[in-house]
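Please read all numbers here as calculations on a predicted model, not as lab measurements. Below, chains carry the letters A, B, ... as their sequence lines are ordered, and counting in each starts from 1.
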Number of protein chains: 2
Amino acid sequence: MDKLDILQKHISLKVDIDSADLDRFVALTTPRTIEKGEFFIRSGQVARYQAFVLKGVLASYSIDTKGEKHVVQIAIEGHWISDLYSFLSKEPAVFTIEALEKSELLLMSNENHERACDEIPVFERFFRLLTQNALVHHQRRISHIYSESAEDRYLNLIKEKPEIAQSVPQHYLASFLGIKPQSLSRIRKKIAENAR
Amino acid sequence: MDKLDILQKHISLKVDIDSADLDRFVALTTPRTIEKGEFFIRSGQVARYQAFVLKGVLASYSIDTKGEKHVVQIAIEGHWISDLYSFLSKEPAVFTIEALEKSELLLMSNENHERACDEIPVFERFFRLLTQNALVHHQRRISHIYSESAEDRYLNLIKEKPEIAQSVPQHYLASFLGIKPQSLSRIRKKIAENAR
DNA sequence: CGTGTGCATTCACCTATGTTAATTAAGGGA
DNA sequence: TCCCTTAATTAACATAGGTGAATGCACACG
């Protein structure tokens, strides 16, 4: 699929947009390729951009006082990612965002994001709907963390987001599930035994 | 504080608004008093309204297959609450929302929410910013659930949101923290002993 | 081709939280 | 006021997941 098609399809899911507006939107972004292991955002620095993922995978995580990483988002094609708080407030980021493989992004600066929202009503609407969706998603995630075992969450992840489960190293998956790699290994072993 | 003042102060934090627009906003809401123990939204039914809390406390929770409740949000004065997914999509709600004490709400129907966003740009902006804020909050919450013990989360809650910690029965607090009431008791006991 | 670095796995042991159940305290309605 | 229901506490025991350490594997790099 053509790169613009990915973006257009994504936007069209939320709002009606004509090709002139799509062009205006694209003009507010800059393409960037990011290599595996590179950082899109480092905690402590201000996140000047948000990114739309055209291709590849990125993970957003916090690092606790013991140096442990805790993955809060894994973004694949068609997702947006940033340290939203930092992006909006220009305060230092608390999350670090790393490319898990070579990826292609469309970057939108804070200034252009504000401009898009100010000047083009359909984009303000788009970002409102996008954010509402993400919020719904996060509320559900919290309720799942609370009501399901790690094993159930893993099974669910495999079922609901196989693209993610397959394209991400296991220790990132474990972290995303809120457990240690050893525990994920144990869970996988148990599942394999039960399946036998 | 006058009720309209609460709303105005809340909106003014995010956008500049004149009193004519404030009046238009208020005209799109209807006041409602809800008694302790009453349900604002029941899971399985469509959430036709979102509520701005003028006074009181409400909790939003899911109920799992074992009948256990899992509190995902506690809303006090100045907060908005609904089953956002249901409110936006008109699908049945997955969360149940209950008043933990007698509360006063301003209700906004889905139709009026859409009208506000369509017709008054400053309100579309307001809801975008409101939702972005909530999303930031939820991302942080997930990272805290993953990186902190229940004890630390409890201490943090007391410190950061004393109004909530004090006005809500402990078993709701426990659920909000993701633990059982017995565990919260144990944690409180330990904290009390250490303080001695 | 070796070889080193990091990932996944396994295991033995540990700890925080869950479970069950009994006891007490507190609040709401007849 | 009394009673009944629900909330909070405590304790003994169970368990999911964490911890630390050892092993094997694989792929990138010389």
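Rounding to whole angstrom units, CG of residue B/Leu177 and P of C/dT17 are separated by 10 Å. In this structure, OH of A/Tyr146 is placed 11 Å from P of C/dG18, rounded to the nearest angstrom. Rounded to whole Å, atom C1' of C/dT17 lies 12 Å from atom NZ of B/Lys190. When rounded to the nearest whole Å, the span between CD1 of A/Ile179 and P of C/dA8 equals 12 Å.
Among the protein residues, B/Gly37 comes within range of no part of the nucleic acid, since none of its heavy atoms lies under 4.0 Å from any strand.
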* To do: For each nucleotide in nucleotides 23-30 of chain D, reading 5' to 3', give B when a protein heavy atom comes within less than 4.0 Å of its base, S when such contact involves only the sugar-phosphate, and - otherwise.
  => --------
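Residue pairs that meet the side-chain hydrogen bond (donor to acceptor under 3.5 Å, both in side chains) test with at least one member in residues 156-168 of chain A, sequence neighbours left out, are A/His137-A/Lys161. Legend: side-chain hydrogen bond (donor to acceptor under 3.5 Å, both in side chains) pairs involving residues 15-35 of chain A, not counting sequence neighbours, sorted by first then second residue: A/Arg32-A/Glu38. Among residue pairs with one or both ends in residues 27-52 of chain B, those qualifying as ring pair (Phe, Tyr, Trp, His ring centres under 6.0 Å) are B/His10-B/Phe52, B/Phe52-B/Trp80; sequence neighbours excluded. Within the structure, the ring pair (Phe, Tyr, Trp, His ring centres under 6.0 Å) test picks out no pair touching residues 146-172 of chain B (sequence neighbours left out). For residues 89-123 of chain B, the set of pairs meeting the ring pair (Phe, Tyr, Trp, His ring centres under 6.0 Å) definition, not counting sequence neighbours, comprises B/Phe25-B/Phe123, B/Phe87-B/His113, B/His113-B/Phe127. Listed by first and then second residue, the ring pair (Phe, Tyr, Trp, His ring centres under 6.0 Å) pairs that reach into residues 54-79 of chain B come to none, sequence neighbours excluded.
Under 4.0 Å is where a charged nitrogen must lie from a carboxylate oxygen, and between A/Asp118 and B/Arg125 at least one such pair does.
Within residues 147-156 of chain A, the residues that have a heavy atom under 4.0 Å from DNA chain D are, in order of number, A/Ser149, A/Ala150.
Helix bend of the helix from C/dC1-D/dG30 to C/dA30-D/dT1: the angle between its two end axes, each built from five pairs, comes to 40° after rounding to 10°.
Among residues two or more places apart in sequence or in another chain, the side-chain contact (heavy atoms from CB on, under 4.5 Å) test is passed with B/Gln45 by B/Arg42. For B/Glu68, the salt bridge (charged side-chain N to carboxylate O under 4.0 Å, His left out) partners two or more places apart in sequence, or in a different chain, are B/Lys180.
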Would you tabulate the pairs of protein nitrogen or oxygen atoms and nucleotide nitrogen or oxygen atoms of nucleotides 3-10 of chain D closer than 3.5 angstrom?
from: D/dA7; atom 1: OP1; to: B/His171; atom 2: NE2; distance (Å): 3.3
from: D/dA8; atom 1: OP1; to: B/Gln170; atom 2: N; distance (Å): 2.8
from: D/dA8; atom 1: OP2; to: B/His171; atom 2: N; distance (Å): 3.1
from: D/dA8; atom 1: OP2; to: B/His171; atom 2: ND1; distance (Å): 2.9
from: D/dT9; atom 1: OP2; to: B/Gln170; atom 2: OE1; distance (Å): 2.7
from: D/dT9; atom 1: OP2; to: B/Ser185; atom 2: OG; distance (Å): 2.7
from: D/dT9; atom 1: O5'; to: B/Ser185; atom 2: OG; distance (Å): 3.2

